[in-house]
Amino acid sequence: SQQGEEDPQALSIQEGENATMNCSYKTSINNLQWYRQNSGRGLVHLILIRSNEREKHSGRLRVTLDTSKKSSSLLITASRAADTASYFCATDARNDYKLSFGAGTTVTVRA
Amino acid sequence: EAQVTQNPRYLITVTGKKLTVTCSQNMNHEYMSWYRQDPGLGLRQIYYSMNVEVTDKGDVPEGYKVSRKEKRNFPLILESPSPNQTSLYFCASNFGSQAFFGQGTRLTVV
């Protein structure tokens with residue numbers, strides 16, 4: 001079942017600008033993760049935030065989590081052409097590690 | 001290098017011809033899974049395995065089989081492929097909740 005929904009579906013920004021995308025989910029979670037996928041290739045893990053955390057940083061990435069609203073946001077600062085990709089949020093709600101993915105946000109960074 | 005390896009990367013087959021997509025990981029992970037990715041639907045889990053000889057259905061298991069005879073290998077079997085199984089398939093192994101994905105297998109069933 002599709003747990004997460006990303007918004008917007010697509011985003012086009014200029015190099016150097018910030019990109020923000022959101023993820024909403026339906027049921028209680030243990031963790032929320034963000035993954036990146038370059039055109040038709042495998043997904044790469046970016047960051048994991050636990051349900052008892054509110055904000056996490058990794059390099060140019062900032063993730064927030066609001067469990068009361070069942071939502072998360074991913075901010076990419078000072079975007080580069082290499083950030084052009086699809087970004088997916090994934091949640092796991094039980095300790096069996098099953099991940100439920102959203103449909104993704106496609107980000108295009110223009111030079 | 002830690003990795004998940006899938007083969008083949010691309011496959012075109014005909015309806016009803018049995019095929020196997022192989023998946024191997026070198027990270028000694030216990031949990032492995034298969035996903036399919038279709039436009040607008042994100043990734044959906046087909047089957048997963050908690051450990052050797054332990055497998056279970058995911059969200060979309062119909063038409064697929066798996067086996068887990070060794071920790072490192074988790075092949076996906078389509079005994080009688082149909083056109084609605086045309087998709088991009090990913091194998092993954094987990095360290096805790098974090099999944100490591102293979103490069104994908106693009107399958108076309110005609």
Side-chain angles (χ1 to χ4, degrees), chain A residues 1-10 21-53 56 58 63 65 72 85-106, chain B residues 1-7 9-11 21 23-25 27 29-51 54-61 74 86-108:
Chain A
S1 60
Q2 195 168 330
Q3 158 83 310
E5 290 188 9
E6 288 91 344
D7 173 62
Q9 287 187 326
M21 59 209 86
N22 304 296
C23 169
S24 60
Y25 56 91
K26 297 171 186 170
T27 60
S28 297
I29 62 171
N30 284 340
N31 306 289
L32 185 142
Q33 303 176 60
W34 286 91
Y35 288 81
R36 184 187 72 228
Q37 182 183 35
N38 291 94
S39 187
R41 306 199 66 178
L43 280 75
V44 174
H45 179 262
L46 295 176
I47 196 165
L48 179 151
I49 187 166
R50 303 187 193 286
S51 59
N52 62 355
E53 297 176 311
K56 205 161 183 180
S58 176
V63 170
L65 179 64
S72 172
S86 292
Y87 293 82
F88 294 87
C89 69
T91 58
D92 62 275
R94 301 172 299 182
N95 290 328
D96 64 359
Y97 305 139
K98 177 186 172 182
L99 296 180
S100 296
F101 287 85
T105 293
T106 299
Chain B
E1 181 188 352
Q3 59 186 2
V4 177
T5 304
Q6 290 178 233
N7 280 296
R9 292 287 312 280
Y10 302 91
L11 180 58
V21 184
C23 173
S24 181
Q25 51 98 1
M27 294 169 279
H29 291 161
E30 293 182 345
Y31 188 94
M32 297 185 73
S33 54
W34 276 100
Y35 294 86
R36 62 178 287 173
Q37 183 178 24
D38 301 288
L41 296 178
L43 277 78
R44 294 177 293 168
Q45 191 183 60
I46 302 170
Y47 267 95
Y48 66 95
S49 170
M50 299 286 284
N51 212 329
V54 180
T55 63
D56 208 347
K57 297 176 181 178
D59 295 319
V60 288
F74 190 44
T86 292
S87 188
L88 180 57
Y89 291 86
F90 290 101
C91 178
S93 69
N94 279 47
F95 178 72
S97 296
Q98 182 180 336
F100 295 79
F101 286 86
Q103 286 301 298
T105 295
R106 189 168 292 279
L107 172 66
T108 302

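Convention: sequence-line order gives letters A, B, ...; per-chain numbering from 1.
Side-chain contact between B/Q37 and A/F88 is present, with at least one heavy-atom pair separated by less than 4.5 Å. Under the 4.5 Å side-chain criterion, counting only non-hydrogen atoms from C-beta, B/S97 is in contact with A/L48.
A 6.0 Å sphere centred on CD of A/E53 holds more than 12 heavy atoms belonging to other residues, nucleotides or ligands. By the neighbour-count criterion of 12 heavy atoms within 6.0 Å, atom CZ of A/R50 is sparsely surrounded, having that number or fewer from other residues, nucleotides or ligands.
Using a distance-only test at 3.5 Å, with no hydrogens or angles considered, no donor-acceptor pair links the side chain of B/Q98 to the main chain of A/H45. With hydrogens and angles disregarded, a donor-acceptor distance shorter than 3.5 Å links the side chain of A/Y35 to the backbone of B/A99.
How far CG of A/L99 is from OH of B/Y35: 4.0 Å, rounded to the nearest 0.5 Å. Taken to the nearest 0.5 Å, the OH atom of A/Y97 stands 13.5 Å off from the CD atom of B/Q45.
For A/Q37, the part lying under 4.5 angstrom from a heavy atom of chain B is the side chain only.
Evaluation of the salt bridge (Lys or Arg N to Asp or Glu O under 4.0 Å) rule for A/R36 yields no partner, not counting sequence neighbours. B/D56 pairs by the salt bridge (Lys or Arg N to Asp or Glu O under 4.0 Å) definition with nothing, not counting sequence neighbours.
Between chain A and the residues B/G102, B/G58, B/P39, B/G96, the most heavy-atom pairs under 4.5 angstrom are made by B/G96.
Between B/G40 and A/A103, the shortest heavy-atom contact is O-CB, 3.5 Å.
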